[in-house]
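This report concerns only the one structure given below.
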Amino acid sequence: MVSATTAAEVLADYQLVCESREASLLGRKEVFMGKAKFGIFGDGKEVAQIAMAKVFRNGDHRAGYYRDQTFMLAIGEMTLHHYFAQLYAHTDVHADPASAGRLMNGHFATRMLDERGELKDISQLKNSSADISPTAAQMPRLVGLAYASKLFRNNASLSAFTNLSTNGNEIAFGTIGNASTSEGMFFEAINAAGVLQVPMLVSVWDDEYGISVPKEYQTTKGSISKILAGFQRDKKDKGYELFTAKGWDYEELCRVYAKAEKVCREEHVPVIVHVVEMTQPQGHSTSGSHERYKSKDRLNWETQFDCIAKMREWIIEQGISSSSELDEIEKKAKAYAKKIKDESWKAFNEGIQEDQTRLVQLLEQASTEHAPLTEIMSVLTKTINPARYDAIKAAKATMRFLIGKQCTVKTQLAEWLEKVATENEDRYNSHLHSTSEWSALKVEGIAPTYSEKSSLVDGREVLRACFAEALERDPRVLAFGEDVGKIGDVNQGFAGLQEKFGELRVTDTGIRECTIVGQGIGLALRGLRPIAEIQYLDYLLYAIQILSDDLANLQYRTKGGQKAPLIVRTRGHRLEGVWHAGSPMGMILSSLRGMYVLVPRNMVQAAGFYNTLLKSDDPALIIECLNGYRLKEKLPDNIGEFTVPLGVPEVLKEGTDVTIVTYGSMCRIVLEGVAELEEKGISCEVIDVQTLLPFDVNHTIFESVKKTNRVVFADEDVPGGATAFMMQQVLEVQKAYHYLDSAPLTITAKEHRPAYGSDGDYFSKPNPEEIFDRVYELVSEAFPNKFPPVY
Ligand SMILES: Cc1ncc(C[n+]2csc(CCOP(=O)(O)OP(=O)(O)O)c2C)c(N)n1
Ligand SMILES: [Mg+2]
């Protein structure tokens with residue numbers, strides 16, 4: 001037995017695993033009683049988590065999944081009150097600090113930010129990054145959480161940030177189910193952490209199933225540790241330390257975790273602990289029963305090897321306690337869990353009742369004036385376990401009834417509705433972006449300045465100068481990606497900067513887009529300022545899932561409890577062929593709400609955006625123009641200081657007949673077509689939106705359409721992609737349809753991917769001639785005499 005583990009500690013552990021089990025059993029019942037919608041529990045995984053919790057120290061980080069309730073209880077970062085509050089979807093952030101009722105149960109997170117949205121002293125806290133449901137999607141972020149320790153340990157210029165790290169001594173603990181290790185991103189993350197040699201300790205909870213599908217369908221040889229054996233380090237090669245332990249063997253688990261922790265924390269060697277022979281007594285979740293797919297033998301074995309039953313046997317065997325004493329602990333645990341459950345349910349309902357009580361008073365009054373309203377009121381008051389929407393439905397039904405009728409409480413009813421609408425917006429719709437004082441929307445623009453000595457340089461040199469200043473200014477800034485290090489990226493935006501700032505600041509990575517982003521997310525969570533590069537926009541698809549599922553909704557799903565101000569840099573729109581000229585902006589706009597999406601037309605604008613983002617705490621994607629690195633631009637004198645504000649379009653050319661809204665590489669194409677249109681007497685106003693998210697916050701485009709009465713949206717996405725988004729913003733949100741004299745028009749690329757070669761580009765993407773033809777036709781339709789048809 002581990003020497004430090006005293007009898008009292010063992011019994012305290014036993015009590016906790018019993019409480020956790022009782023919570024699982026009760027949780028399932030609550031779902032079946034209709035008090036919660038869905039439940040997934042940590043039963044069968046309790047004992048291993050107690051062992052893992054023993055080696056989890058202040059400053060450490062977790063990225064795990066839905067089975068980890070016992071661990072969260074054991075490290076003291078979740079209470080059973082929190083646990084049940086999340087099960088019921090209690091929207092008070094104090095009741096459910098992990099997600100304020102926004103996530104299903106079993107999605108754990110600690111609040112890493114204070115009220116202002118500033119990182120707390122996380123080096124002194126036990127931290128859990130916020131769980132997400134997609135299997136294995138905790139892995140990319142885990143790489144970054146671990147990599148941060150390496151940077152803090154090896155980059156002396158970070159030593160002042162003692163609130164973020166204690167000399168890189170922190171471990172990033174990962175947990176994952178056995179079946180989820182079948183996912184590609186698990187293997188990508190394991191390989192990346194092995195290459196990086198970072199303190200990442202991954203526990204695989206192996207119950208031999210992934211819902212109903214057994215291990216032989218999931219894993220070669222049926223064992224993840226067997227097939228990862230090649231990662232084991234040896235005298236010659238660096239790699240991993242691999243351990244296995246049985247999920248029901250408390251003593252072995254404590255011993256293994258103590259060893260695993262030591263090598264991981266001290267030597268920064270990644271570790272895998274494969275915890276085998278685990279069970280899942282209640283089956284996968286409340287959505288089904290495991291009797292349907294597990295054999296009788298398996299079910300019997302699971303009963304026999306239940307980790308709590310086994311721990312109990314062991315405690316008695318060791319003479320640590322008696323059977324009757326353990327009975328007593330179990331009884332207490334049961335009563336305790338039930339008490340907390342009841343209290344949590346009551347607290348959850350109180351909030352809902354408060355709203356409803358006030359409404360019922362109003363409905364009572366209304367029904368004394370209009371008898372038919374009694375029915376609406378009684379439906380509401382008789383509803384068992386009413387939700388918030390039940391009250392709203394009743395109030396709205398009442399308002400509909402009262403259309404055109406008098407009622408003394410009509411105004412109060414409308415006020416009640418308005419009040420709850422505001423409150424519900426905060427409960428369910430707030431915190432998509434940062435709401436702190438560092439919100440990117442609050443960074444003011446500072447114009448670039450030029451003088452006689454400002455030189456005309458290649459676009460890439462503008463970026464290089466901007467990045468050099470950023471790296472100089474702030475030791476937390478670092479950049480990494482494929483070919484970013486030695487050669488300073490494929491277009492040399494970081495050329496020479498690795499030499500100047502060192503390998504830890506400007507770094508090459510393997511070809512692994514998903515974990516490049518994950519690395520960035522983890523680093524940003526830990527207070528660093530990463531710029532993660534995806535080499536080409538077309539390859540963002542490899543990372544779009546993790547950006548969408550993890551980064552983009554981090555603030556939202558924690559209701560402002562965590563942030564990861566990661567800057568993702570990429571380049572695209574226009575170069576060559578199917579995989580180097582894409583512009584899948586519609587995909588990005590639909591999947592990355594919660595991030596800002598910036599589409600600068602040249603490198604000065606891009607540099608201004610980098611400066612803006614580095615002052616802010618919002619995550620963002622910047623898409624540079626792939627064909628712009630060698631175009632000449634004037635280098636601003638204040639390259640490290642000037643900022644481009646988000647959501648502010650630039651009018652590139654004023655005009656009176658038609659407004660053309662575009663962005664990125666298309667600005668030049670549009671301007672070329674417009675030059676021809678002007679020759680024919682058509683005056684065009686060309687607007688570069690500069691950022692798609694946020695979109696034109698001051699409604700500049702509306703003002704333009706008001707003047708021109710015609711609007712065209714042009715880009716290189718497919719039809720119905722980002723042009724459709726822009727049109728929705730301008731016509732519906734800005735209400736510019738009032739001022740249109742012609743139908744709105746979109747000019748886009750073709751539906752297929754762009755073909756190779758100069759002609760491929762010309763015939764796949766919009767070109768200046770097409771701009772001329774389509775816009776001319778639009779104006780000609782309105783004024784056929786003045787502008788006779790071309791063809
Ligand atoms: C990407 C993705 N695919 C499918 C699912 C549905 N799903 C949820 S849990 C699960 C099984 C996971 O099994 P395992 O990793 O062994 O964890 P366990 O539940 O057994 O602890 C599946 C298929 C999901 N959440 N995410
Ligand atoms: Mg499993």
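First listed ligand is number 1; within each ligand, the first listed atom is number 1. None of these values were measured; they are calculated from a predicted model.
Every atom of ligand 1 is numbered from 1 in the order shown, and the set under 4.0 Å from a heavy atom of D207 is 20 (O). Each of the atoms 1 (C) of ligand 1 lies under 4.0 Å from some heavy atom of E183. Of all the atoms in ligand 1, the ones that sit under 4.0 Å from a non-hydrogen atom of R67 are 18 (P), 19 (O), 21 (O). The distance from ligand 1 to the heavy atoms of G177 drops below 4.0 Å at these ligand atoms: 14 (P), 15 (O), 16 (O), 17 (O). Near A179, with a cut-off below 4.0 Å to any heavy atom, the atoms of ligand 1 are 13 (O), 14 (P), 15 (O), 16 (O). Per-residue contacts place N178 under 4.0 angstrom from the following atoms of ligand 1 (heavy atoms of the residue considered): 15 (O), 16 (O). Remark: ligand 1 atoms within the under-4.0 Å shell around heavy atoms of H284 are 9 (S), 10 (C), 11 (C), 19 (O).
Q282 and S24 are not linked by any side-chain donor-acceptor pair at a separation below 3.5 angstrom, with hydrogens and angles left out of the test. Side-chain polar atoms of Y88 and E30 form a donor-acceptor pair below 3.5 angstrom. Under 3.5 Å, the side chains of S129 and Q562 contain no donor-acceptor pair of N or O atoms. Defined by atom type and a distance below 3.5 Å, a donor-acceptor pair is present between the side-chain atoms of S203 and Y257.
On a distance-only criterion, Y209 and ligand 1 share at least one N/O pair closer than 3.5 Å. Not one N or O of K45 is nearer than 3.5 Å to an N or O of ligand 1, by distance alone. Where the criterion is an N or O separation shorter than 3.5 Å, residue side chain and backbone included, Y65 meets it with respect to ligand 1. The shortest N or O to N or O distance between P134 and ligand 1 is not below 3.5 Å.
Compare G210, S287, G42 by their heavy atoms: the one nearest to atom 13 (O) of ligand 1 is in G210.
A salt bridge links R298 to E302: at least one charged side-chain nitrogen sits closer than 4.0 Å to a carboxylate oxygen. Residues K259 and E241 are not paired through a salt bridge, judged by the lack of any N-O separation under 4.0 Å between the basic side chain and the carboxylate. Salt bridge status for D207 with K45: present, with a side-chain N to carboxylate O gap under 4.0 Å.
Considering R526, R265, K126 as possible partners of D60, the one that fulfils the salt bridge (charged side-chain N to carboxylate O under 4.0 Å, His left out) test is R265. With D131 as the fixed residue, the salt bridge (charged side-chain N to carboxylate O under 4.0 Å, His left out) test singles out one of R557, R67, R62: R62. Checking W205, Y66, F56 one by one against F71, the ring-ring contact (aromatic ring centres under 6.0 Å, His included) holds for a single residue, F56.
When non-hydrogen atoms are compared, ligand 1 lies under 4.0 Å from neither the backbone nor the side chain of I40. Heavy atoms of Q280 found under 4.0 angstrom from ligand 1 belong exclusively to the side chain.
Remark: minimum distance from atom 9 (S) of ligand 1 to any protein heavy atom is reached at Y66 OH, 2.9 Å. Nearest non-hydrogen protein atom to atom 15 (O) of ligand 1 is S180 OG, 2.5 Å. Atom 26 (N) of ligand 1 has T135 N, 3.1 Å as its closest protein atom, hydrogens excluded (heavy atom only). Protein heavy atom at the shortest distance from atom 23 (C) of ligand 1 is I211 CD1, 3.8 Å. Here the protein heavy atom with the shortest distance to atom 25 (N) of ligand 1 is S133 O, 3.1 Å.
Figure legend: K294 and Y209 shown as a cation-pi pair, the cationic atom lying under 6.0 angstrom from the six-membered ring centre and within 45 degrees of its axis. Geometrically, K310 does not engage Y250 in a cation-pi contact defined by less than 6.0 Å to the ring centre and at most 45° from the axis. Judged by a 6.0 Å distance limit and a 45° cone about the ring axis, R28 is not positioned over the six-membered ring of F41.
The aromatic rings of F348 and W345 sit tilted relative to each other, their planes meeting at an angle between 30° and 60°.
For the Mg ion (ligand 2), the tally of protein N/O/S atoms lying closer than 2.8 Å stands at 3.
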Please tabulate, for the side chains in residues 541-548, all donor-acceptor contacts under 3.5 angstrom to protein atoms that are two or more places apart in sequence or on a different chain.
| from | atom 1 | to | atom 2 | distance (Å) |
| --- | --- | --- | --- | --- |
| Q545 | NE2 | D549 | OD2 | 2.7 |
| S548 | OG | S591 | O | 2.8 |

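Within a 4.0 Å radius of atom 6 (C) of ligand 1, the protein has no heavy atom.
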